[in-house]
Colleague: 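Submitted below is the structure of interest, expressed as structure tokens.
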Protein chains: 2
Amino acid sequence: MRDYYSITELTREFGISTRTLRFYEDEGLINPVRRGRTRLYRPSDRHLVRQILRGRRLGFSVAEIREIIEVYKAPPGEVGQLKLMLSKIAEKQQDLRQKRRDLEDTLEELARAEESCVERLAELGVTT
Amino acid sequence: MRDYYSITELTREFGISTRTLRFYEDEGLINPVRRGRTRLYRPSDRHLVRQILRGRRLGFSVAEIREIIEVYKAPPGEVGQLKLMLSKIAEKQQDLRQKRRDLEDTLEELARAEESCVERLAELGVTT
DNA sequence: CACGGCTTTTACGTAAAAGTCAATTTGGCA
DNA sequence: TGCCAAATTGACTTTTACGTAAAAGCCGTG
């Protein structure tokens, strides 16, 4: 496990630009350490980037991703805070379950479209 | 099954604005018929809106949604077109499967966060 | 027939998420 | 130690997906 990654290493690994990484930092999603002015990304930062990109692919806004990331952190000490966090987690879970339903529905429709294409090809005497 | 829906009926049903529906029309996603200048949405238009919103929730851009919608249409007659369509469908399916992995991973992390909150609450003597 | 309510078109506005560009600064190594 | 590729910062631009406001058309009701 590497100690640190440079910004360009991460841009290459994840296929994003330095601007994007700095943007996420400005937005408070990641906090790489600095040697002088240059950013050094720890494994934990790298993992965060991975999570951010996952959220992005799922269509979450940066604000929503921030909320999700916050619940990954160590749980707070106070009961009220803990309960609040639990309700936030439940909210995100519901959101994701809705997305999962949307996803399965869309996959089904695509399968139907695929099948009718294959059938049509068969009618034309083409073997898939 | 109703013949036609007015624009406001659909906005109420789906919780979107008239601007949004007209925008999707400008973008070529839907094509309601007209009585004079007013739009009349058929059940098929209504179903399209449902599919559009599903795509939107999954984080697809309007351009991507348009591509998905196009493969739902009746399959074309020509072999080359059919094969092209099949490859487009396969592409979308891969995309959706990636999203599904992202989704399951995120749900797992949320479950872990949830568990550690519950544990912490238990330590504090709170029964969930 | 005037009115309120719904609808239309046109046009400009805007927030989010970066991309791009220019002007430094720096740090590694020959 | 001197230099050049890489990194940083700040400002401006772009794209997407609508929001919003203005001005006007249709239509059933009192």
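Chain identifiers are assigned alphabetically (A, B, ...) following the order of the sequence lines, protein sequences preceding nucleic acid strands; residue numbering begins at 1 within each chain. All figures in this text were calculated on a predicted structure; none of them were measured in a lab.
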Colleague: Kindly point out which of dC18(D), dT8(D), dT9(C) is positioned nearest to the side chain of Arg34(A)?
Modeller: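 Nucleotide nearest to Arg34(A)'s side chain: dT8(D).
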Colleague: With heavy-atom distances below 4.5 Å as the criterion, would you say the side chains of Ile7(A) and Tyr41(A) are in contact?
Modeller: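 Answer yes - side chains close enough.
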Colleague: I'd like to know if the side chain of Arg34(B) reaches the main chain of Gly36(B), judged simply by a donor and an acceptor atom lying under 3.5 Å from each other, with no hydrogens or angles considered.
Modeller: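 Not a single qualifying donor-acceptor pair exists.
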Colleague: Mark yes or no: Arg22(A) above the aromatic ring of Tyr24(A), with NZ or CZ under 6.0 Å from the six-membered ring centre and no more than 45 degrees from the axis.
Modeller: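 No, cation not above the ring by the 6.0 Å, 45° rule.
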Colleague: Is the closest basic N to carboxylate O distance between Arg112(A) and Glu119(A) below 4.0 Å?
Modeller: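 Salt bridge absent between Arg112(A) and Glu119(A).
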Colleague: Is Glu67(A) salt-bridged to Lys88(A), cutoff N-O under 4.0 Å?
Modeller: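 A salt bridge is absent here (no side-chain N lies under 4.0 Å from a carboxylate O).
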Colleague: So do the side chains of Ile68(B) and Gln51(B) get within less than 4.5 Å of each other, counting heavy atoms only?
Modeller: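 Result no, sub-4.5 Å side-chain heavy-atom pair not found.
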Colleague: Phe60(A) ring centre to Arg56(A) NZ or CZ under 6.0 Å, with the angle to the axis within 45°?
Modeller: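 Here Arg56(A) fails the 6.0 Å and 45° test against Phe60(A).
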Colleague: Pick base, sugar-phosphate or nothing for Ser6(B), based on heavy-atom distances below 4.0 Å to the nucleic acid.
Modeller: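 It contacts sugar-phosphate atoms only.
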Colleague: Enumerate the residues from residues 53-68 of chain A whose closest heavy atom to DNA chain C is under 4.0 Å, giving them by residue number; use none for an empty result.
Modeller: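 Going residue by residue through residues 53-68 of chain A, the ones with a heavy atom under 4.0 Å of DNA chain C turn out to be Arg56(A), Ser61(A), Val62(A).
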Colleague: Do the side chains of Arg39(A) and Glu25(A) get close enough for a salt bridge, i.e. N-O under 4.0 angstrom?
Modeller: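 A salt bridge links Arg39(A) with Glu25(A).
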Colleague: Students often get this wrong, so: under 4.0 angstrom with heavy atoms, is Arg39(A) touching a base, only sugar-phosphate, or nothing?
Modeller: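 Touches sugar-phosphate only.
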Colleague: I'd like to know if Arg42(A) pairs up with Asp45(A) as an ion pair, taking the criterion as any Lys NZ or Arg NE/NH1/NH2 lying under 4.0 Å from an Asp or Glu carboxylate oxygen.
Modeller: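 Counted as a salt bridge, because a side-chain N and a carboxylate O are separated by less than 4.0 Å.
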Colleague: What is the separation between atom CG on Leu21(B) and atom P on dA17(D), rounded to the nearest whole Å?
Modeller: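 Distance, rounded to whole Å: 15 Å.
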Colleague: In whole angstrom, give the distance that lies between atom CZ of Arg22(A) and atom P of dA7(D).
Modeller: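 For the pair Arg22(A) CZ and dA7(D) P, the rounded distance is 9 Å.
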Colleague: Would you tabulate the pairs of protein nitrogen or oxygen atoms and nucleotide nitrogen or oxygen atoms of nucleotides 25-30 of chain C closer than 3.5 angstrom?
Modeller:
unit_1, atom_1, unit_2, atom_2, d
dT25(C), O4', Arg37(A), NH2, 3.3

Colleague: Would the distance check show the side chain of Glu78(B) and the main-chain N or O of Gly80(B) forming a donor-acceptor pair, the cut-off being under 3.5 Å?
Modeller: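 Such a contact is found between Glu78(B) side chain and Gly80(B) backbone.
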Colleague: Could you tell me whether the phosphate oxygens of dT7(C), OP1 or OP2, come under 4.0 Å of any side-chain nitrogen or oxygen in Thr8(B)?
Modeller: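 Indeed, a polar side-chain atom of Thr8(B) lies that close.
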Colleague: Please produce a list of atom pairs where a protein N or O lies less than 3.5 Å from an N or O of nucleotides 20-22 of chain D.
Modeller:
unit_1, atom_1, unit_2, atom_2, d
dT20(D), O4, Arg19(B), NE, 3.1

Colleague: Round to a whole Å and report the spacing from CG of Leu29(B) to P of dC18(D).
Modeller: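 Result: 10 Å.
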Colleague: Between Thr20(B) and dG19(D), does any side-chain N or O lie under 4.0 Å from OP1 or OP2?
Modeller: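 For Thr20(B), the contact criterion (side-chain N or O under 4.0 Å from OP1 or OP2 of dG19(D)) is met.
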Colleague: Less than 4.5 Å apart, side chain to side chain, heavy atoms only: is that true for Glu109(B) and Lys92(A)?
Modeller: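 In short, these two side chains do not touch, never coming nearer than 4.5 Å.
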Colleague: Using only side-chain N and O atoms of Tyr24(B), determine if any of them is under 4.0 Å from OP1 or OP2 of dC18(D).
Modeller: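 Looking at the OP1 and OP2 atoms of dC18(D), one of them is under 4.0 Å from a side-chain N or O of Tyr24(B).
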Colleague: Find the distance Tyr4(B):OH to dT7(C):C1' and express it as a whole number of Å.
Modeller: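 Going from Tyr4(B) (OH) to dT7(C) (C1'), I get 18 Å.
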Colleague: What is the distance from CD1 of Ile30(A) to C1' of dA17(C), rounded to the nearest Å?
Modeller: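 Nearest whole value for this atom pair: 14 Å.
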Colleague: Can you tell me how far P of dA18(C) sits from CD1 of Ile16(A), to the nearest Å?
Modeller: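 That distance rounds to 9 Å.
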Colleague: Starting from P on dT7(C), measure out to CG on Leu40(B) and report it in whole angstrom.
Modeller: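 Those two atoms, CG and P, are 10 Å apart.
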Colleague: Looking at Leu10(A), is its backbone amide N or carbonyl O close enough to the side chain of Arg46(A) to form a donor-acceptor pair, meaning the two atoms are under 3.5 Å apart?
Modeller: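 Between the backbone of Leu10(A) and the side chain of Arg46(A) there is no qualifying donor-acceptor contact (under 3.5 Å).
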Colleague: How many Å lie between CD1 on Ile7(B) and P on dT8(C), as a whole number?
Modeller: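 After rounding, the gap between these two atoms is 5 Å.
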